[in-house]
Amino acid sequence: MRFASLLQALLVVGFSTSVFAQAEWAEFVDRNDHFTVNFPGDPKVESITYKTEKGTSLPAHVYTAQDSRGIYKITVVDYRTAPTETATAVAAAASAVRAKGEVKYDAQENLDRIKSQRISLIEPGGERRTLAEILTEGGRLYISEASVDVKAPPPAQFQASLQVLDDEGVRIRYNPDGKTRQR
């Protein structure tokens, strides 16, 4: 009887701990960089200089958050001063992601019907996997990366939550024709 009570108490504590860990996740919105995503807590924001394939230095921000499962990161690069380089931005960023490990999945996909490159890889050592999605919209390059233990469930809450916003903060989603936007 005592064992059953102890077991029940441990299960309650364990369950409430996992619920609490999940409750930390919240929507993060950055109107300046035109995106929203779910992060486990408030991300650390770092301003960096991003070098394009042609060597142009562009301003960028890296948003990073971490929990017990992994590291979640969005890099937003402002290509508006180098519009002629956006055509190669996704391919160059995808090459950089591929260099981080053994590629398991690599295909053109779409995020809200915005053409993207989706990559899954196993990092050196074989204990972590990275899932990435790379796209351009509105003169910005978005690089979404989640690095988690290979035995952990995929970071779906992070991956599926990314949305690109317009100047008014409204989600950008194209109609099936790929040219007109839904409202």
Side-chain angles (χ1 to χ4, degrees), residues 26-67 70-103 105-121 123-124 128-148 155 157-174 178-182:
E27 182 179 45
F28 173 81
V29 179
D30 190 290
R31 296 282 303 264
N32 291 327
D33 277 336
H34 293 76
F35 77 97
T36 181
V37 71
N38 288 344
F39 272 126
D42 290 330
K44 180 182 113 188
V45 183
E46 179 184 6
S47 295
I48 65 166
T49 299
Y50 183 90
K51 289 271 190 194
T52 68
E53 192 173 45
K54 293 181 180 177
T56 306
S57 295
L58 297 175
H61 296 107
V62 180
Y63 301 80
T64 307
Q66 188 171 349
D67 69 3
I71 300 169
Y72 311 90
K73 180 169 65 170
I74 302 280
T75 303
V76 182
V77 184
D78 188 346
Y79 268 80
R80 291 175 297 168
T81 59
T84 60
E85 294 188 53
T86 57
T88 59
V90 170
S95 291
V97 169
R98 288 182 196 105
K100 294 179 180 182
E102 180 187 348
V103 175
Y105 180 82
D106 189 354
Q108 283 193 350
E109 299 284 345
N110 73 75
L111 176 79
D112 289 335
R113 297 192 182 109
I114 301 169
K115 189 170 98 175
S116 68
Q117 189 70 32
R118 200 167 295 161
I119 301 168
S120 173
L121 58 88
E123 296 175 19
R128 298 193 66 75
R129 84 177 114 180
T130 295
L131 297 128
E133 185 143 18
I134 306 157
L135 60 121
T136 58
E137 179 62 37
R140 291 175 185 81
L141 172 68
Y142 297 88
I143 306 167
S144 166
E145 298 175 87
S147 174
V148 298
Q157 183 169 359
F158 176 73
Q159 289 180 287
S161 68
L162 178 61
Q163 297 177 14
V164 179
L165 308 175
D166 64 15
D167 290 337
E168 288 80 41
V170 176
R171 176 184 186 180
I172 295 173
R173 181 175 173 87
Y174 288 95
K179 297 175 184 160
T180 58
R181 287 190 36 206
Q182 291 180 353

(request) Of all the heavy-atom pairs spanning Arg113 and Asn110, show the shortest one and how long it is. (result) N-OD1, 3.1 Å
(message) For the backbone of Glu168 and the side chain of Arg31, can you confirm whether one donor and one acceptor N or O come within less than 3.5 Å of each other?
(response) yes
(request) For Asp30, check salt bridge (Lys or Arg N to Asp or Glu O under 4.0 Å) against everything at least two apart and list the hits. (result) none
(request) Please determine, by modelled atom types, if Lys51 and Thr56 share a side-chain donor-acceptor pair under 3.5 angstrom. (result) no
(message) I'd like to know if the side chain of Thr130 pairs up with that of Glu123 as donor and acceptor (distance under 3.5 Å, no hydrogens or angles considered).
(response) yes
(message) Check this for me: does any side-chain nitrogen of one of Asp106 and Arg118 sit under 4.0 Å from a carboxylate oxygen of the other?
(response) no
(message) Quick one: does any side-chain atom of Ser161 pair with a main-chain N or O of Val37 as donor and acceptor, under 3.5 Å?
(response) no
(message) For the NE2 atom of His61 and the CZ atom of Arg140, what is their distance to the nearest 0.5 Å?
(response) 10.5 Å
(request) Give, for atom CG of Leu58 and atom OG1 of Thr52, the distance between the pair rounded to the nearest 0.5 Å. (result) 6.0 Å
(message) Between the side chains of Glu109 and Lys115, is the shortest nitrogen-to-carboxylate-oxygen separation below 4.0 Å, so that they form an ion pair?
(response) no
(message) How long is the straight-line distance from OG1 of Thr75 back to OH of Tyr142, given to the nearest 0.5 Å?
(response) 12.0 Å
(message) Are the side chains of Leu121 and Arg129 in contact, using a 4.5 Å heavy-atom criterion?
(response) no
(message) Show the nearest heavy-atom pair for residues Pro124 and Lys100, with the distance to one decimal.
(response) CD-O, 3.1 Å
(message) Filter on ring pair (Phe, Tyr, Trp, His ring centres under 6.0 Å), then keep only pairs touching residues 71-91, sequence neighbours left out; what's left?
(response) Trp25-Tyr72, Tyr72-Phe158
(message) Between Ile74 and Ile143, does the side chain to side chain contact (heavy atoms under 4.5 Å, CB included) criterion hold? Intermediate values first, please.
(response) CA-CA 6 Å; Ile74 302 280; Ile143 306 167; over 6 Å; no
(message) Can you confirm whether Ile134 sits close enough to Leu141 that some side-chain heavy atom of one is under 4.5 Å from a side-chain heavy atom of the other?
(response) yes
(request) Grab the two heavy atoms, one from Pro83 and one from Thr81, that are nearest each other, plus how far apart they are. (result) CD-C, 3.4 Å
(request) Check for a donor-acceptor pair, side chain of Asp67 on one end and backbone N or O of Gly70 on the other, with a separation under 3.5 Å. (result) yes
(request) Check whether the side chains of Thr36 and Gln163 place a donor and an acceptor atom closer than 3.5 Å, and report yes or no. (result) no
(request) Please round to the nearest 0.5 Å and tell me the distance separating atom OG1 of Thr64 and atom CG of Asp42. (result) 13.0 Å
(request) Report the distance from atom OG of Ser95 to atom CD of Glu53, rounding to the nearest 0.5 Å. (result) 7.0 Å
(request) Mind checking the CG-CD spacing from Leu111 to Gln159? Nearest 0.5 Å is all I need. (result) 11.0 Å
(request) Please examine the side chains of Val148 and Ile71, heavy atoms only from C-beta on, and report whether any two atoms are closer than 4.5 Å. (result) no
(request) Begin with the C-alpha distance, continue with both residues' side-chain angles, and end with the deciding distance and a verdict on side chain to side chain contact (heavy atoms under 4.5 Å, CB included) for Asp112 and Ile172. (result) CA-CA 7 Å; Asp112 289 335; Ile172 295 173; over 6 Å; no
(message) Checking side-chain polar atoms at under 3.5 Å, does Asp33 have a donor or acceptor matched by the opposite partner on Tyr63?
(response) yes
(request) Would you please say whether a donor-acceptor pair under 3.5 Å links the side chains of Glu133 and Ser144? (result) no
(message) My understanding is that only residues two or more places apart in sequence, or in another chain, count here; which of them pass side-chain hydrogen bond (donor to acceptor under 3.5 Å, both in side chains) with Glu102?
(response) Lys104
(request) Please report the C-alpha distance between Tyr105 and Leu131 in whole Å, then the side-chain angles of each, then the deciding distance to 0.1 Å, and finally whether the side chain to side chain contact (heavy atoms under 4.5 Å, CB included) criterion is met. (result) CA-CA 9 Å; Tyr105 180 82; Leu131 297 128; over 6 Å; no
(request) May I ask you to decide if Val170's main-chain N or O and Asp166's side chain share a donor-acceptor pair within less than 3.5 Å? (result) yes
(message) Is it true that Asp167 and His34 share a donor-acceptor pair across their side chains at a distance under 3.5 Å?
(response) yes
(request) Might you work through the side chain to side chain contact (heavy atoms under 4.5 Å, CB included) test for Glu137 and Tyr174, ending with a clear yes or no? (result) CA-CA 11 Å; Glu137 179 62 37; Tyr174 288 95; 2.9 Å; yes
(message) Tell me the closest heavy-atom pair linking Ala91 and Arg98, and the distance in Å.
(response) O-NH1, 4.3 Å
(request) Might you point out which heavy atoms bring Gln108 and Gln117 nearest each other, and give the distance in Å? (result) CG-OE1, 3.3 Å
(request) Taking all non-hydrogen atoms of both residues into account, name the closest pair between Ala65 and Pro40 and its distance. (result) CB-CD, 3.8 Å
